[in-house]
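A short write-up of the structure that comes next.
When a ligand or atom number is given, it counts from 1 through the structure's own listing order. The structure displayed is predicted, hence computed values, not measured ones.
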Amino acid sequence: MTTAKLIVLGAGYGGLLAALRLARLTRRQGATVTLVDQAAVAPDRVRLHETLVRDVPSRRLADLVRGSGVLFQQGRVDALDLNQHTVSITTADGPRQLHYDRLIYALGSFTDRDVIPGIRDHAHTLAPAASAQVRARIRELAATRGRVLVCGGGLSGIEVASEIAEAYPELQVTLATASQIGSGLSQAARTHIAAVLYRLHVSVREQTRILALEAGMARTATDRLPFDLCLWAGPFAVPQIARQAGLDVDPGGRILVDDGLHSLSHPEVSVVGDAVALGGAIHRHVRPACATATAMGSYVASAMAAELTGRGSRPFRMAYVGKYVSLGRREAVADWVRPDDQPRERIWTGWPAVWWKSLVITAVGVWGQIQAERWWSGNYQLARWIEPPDLGHNSGGHESLTSPDRV
Ligand SMILES: Cc1cc2nc3c(=O)[nH]c(=O)nc-3n(C[C@H](O)[C@H](O)[C@H](O)COP(=O)(O)OP(=O)(O)OC[C@H]3O[C@@H](n4cnc5c(N)ncnc54)[C@H](O)[C@@H]3O)c2cc1C
């Protein structure tokens, strides 16, 4: 195939990297690579919590791909026709159909607003479109010592609560979670996070399952948590486009793939990032994360380019280095993991962790890895060889506290 039409759906971390790499690797064969996304600006999700309290620089997708050979088409993907190999999109100029020979599906995920009643009406989720409105409301509430309730004790909830509490110490910030904060992190990391949240006067409510949100109130099985602003940082869901098109998906709508990240039912469709149904034998240790999305994007582009010229490709493999959580601008934790993502029980805290996290954000975000891919294809693979020096559990000089009881 010499003039293949290659389409990448979704310009998140996975899709953008895949498109840039694919264009580079297939340039000599005359393939066309079209990248489709509904957004005009790169959604730098690892910085979304920062946008709640300050301006964060952003870049237009059209600028990011300029000169790379990738054609950027802004538009909402409405449907796929897997028999006709077409994608139906809605653009500013009306509906369009794009034909593909090979497709990369990278439509990612979003915060699920239907897991309990009331989220749509009474809470905000982390999304680029909502940031300016929430930022204005937070500023307004700070003047009256308002109450901010953050629901969800995963990494996003922790980052949101600490970012707001540090920027606006006059606010009363509560972080509520159904289990414990930072489950999935090492004990050392969780202890540090609890200590920092305590110092920032964030009231942590663990084992607090919220059943419904009402106006100004979150209802649990035993009590009610009042709020002036509620930020919902619960689990992610995926668009149902893959299911509706007839791709084999799991119950949540994530696409079932083989060890080369091809759709099991339609191998001409490759899948990257949060859209992939994880958990099979090959992908047991793989978790949804920007690191995963970029590794998959890079892999799929290389594999597709190889397949187009009749060469085979190796199964997808990836190794992790760590999990990095910012706790405001002055604190963070780097929780080092083994290649299979198991905690090493070795952490960095304080300035080394702050420095590392900002380096990772630059590296993984639209400023770093994506640009680097244009200059030096495949550079992300270097991350596999990075071994963190052991700075000890309290590398930032902070005391280790047990989890504070601030219910
Ligand atoms: C607040 C927050 C903080 C996070 N922090 C971290 C972190 O620190 N570290 C980490 O590893 N991970 C983090 N994550 C998770 C990480 O962002 C995701 O795992 C990652 O973005 C997945 O990448 P992706 O390429 O699969 O899809 P996404 O990044 O979700 O991108 C999908 C793209 O598809 C587009 N799209 C979706 N539907 C359509 C449609 N119908 N038509 C057209 N375009 C569409 C979207 O506009 C988007 O650009 C965070 C997530 C959030 C929400």
Taking only Lys NZ, Arg NE, NH1 and NH2, and the carboxylate oxygens of Asp or Glu, determine whether [X] and [Y] approach each other closer than 4.0 Å.
| X | Y | result |
| --- | --- | --- |
| R120 | D114 | yes |
| R329 | E166 | no |
| R346 | D335 | no |

Can you list the ligand 1 atoms lying under 4.0 Å from a non-hydrogen atom of [X]?
| X | result |
| --- | --- |
| F236 | 51 (C), 53 (C) |
| L126 | 1 (C) |
| S109 | 30 (O) |
| G14 | 25 (O) |
| G273 | 26 (O) |
| G108 | 26 (O), 27 (O), 28 (P), 30 (O), 32 (C) |
| P288 | 19 (O) |
| K357 | 8 (O) |

Once you restrict to heavy atoms under 4.0 Å, what part of L48 touches ligand 1? Side chain, backbone, both or neither.
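Side chain only.
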What protein heavy atom lies closest to [atom]? Include the residue and the distance to one decimal.
| atom | result |
| --- | --- |
| atom 21 (O) of ligand 1 | Y13 CD1, 3.4 Å |
| atom 35 (C) of ligand 1 | D37 OD2, 3.2 Å |
| atom 24 (P) of ligand 1 | A293 CB, 3.9 Å |
| atom 37 (C) of ligand 1 | L107 O, 3.3 Å |
| atom 16 (C) of ligand 1 | C290 N, 3.8 Å |
| atom 18 (C) of ligand 1 | D274 OD2, 3.4 Å |
| atom 6 (C) of ligand 1 | V46 CG1, 3.5 Å |
| atom 43 (C) of ligand 1 | Q38 N, 3.2 Å |

Would you check if the side chain of [X] reaches a backbone N or O of [Y] as a donor-acceptor pair within less than 3.5 Å?
| X | Y | value |
| --- | --- | --- |
| Y13 | V46 | yes |
| K357 | P352 | no |
| D81 | Q84 | yes |

When you compare ligand 1 with A39, is there at least one nitrogen or oxygen pair between them that comes in under 3.5 angstrom?
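No; every N/O pair is 3.5 Å or more apart.
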Using a 6.0 Å distance limit plus a 45 degree cone around the ring axis, check whether R145 lies over the aromatic ring of Y168.
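Relative to the ring axis of Y168, which defines the angle, R145 lies outside at least one limit.
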Just wondering, more than 12 heavy atoms not from [X] lying within 6.0 Å of its [atom1]?
| X | atom1 | answer |
| --- | --- | --- |
| R60 | CZ | no |
| R54 | CZ | yes |
| R314 | CZ | no |

Decide whether the shortest distance between a heavy atom of [X] and an atom of ligand 1 is less than 4.0 Å.
| X | answer |
| --- | --- |
| F110 | no |
| I241 | yes |
| A233 | no |

Dump the intermediate steps for side-chain contact (heavy atoms from CB on, under 4.5 Å) on C151 and L231, then the final yes or no.
CA-CA 6 Å; C151 305; L231 293 162; over 6 Å; no
Run the ring-centre check on W351 versus W356 and record whether the distance is less than 6.0 Å.
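Not under 6.0 Å, so no.
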Kindly state whether the ring of Y324 and the ring of W336 have centres lying under 6.0 angstrom apart.
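Aromatic pair counts; centres sit under 6.0 Å.
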Is there a protein heavy atom less than 4.0 Å away from atom 14 (N) of ligand 1?
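There is no protein heavy atom less than 4.0 Å from atom 14 (N) of ligand 1.
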Among M296, R45, R287, which residue places a heavy atom closest to atom 28 (P) of ligand 1?
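Nearest heavy atom to atom 28 (P) of ligand 1 lies in R45.
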Would you indicate which of A40, S156, A106 comes nearest to atom 52 (C) of ligand 1 when only heavy atoms are counted?
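Minimum heavy-atom distance to atom 52 (C) of ligand 1 goes to S156.
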Atom of Y105, atom of P239 and distance for their closest heavy-atom approach
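Looking at all heavy atoms of both residues, the shortest contact is OH-O, 4.1 Å.
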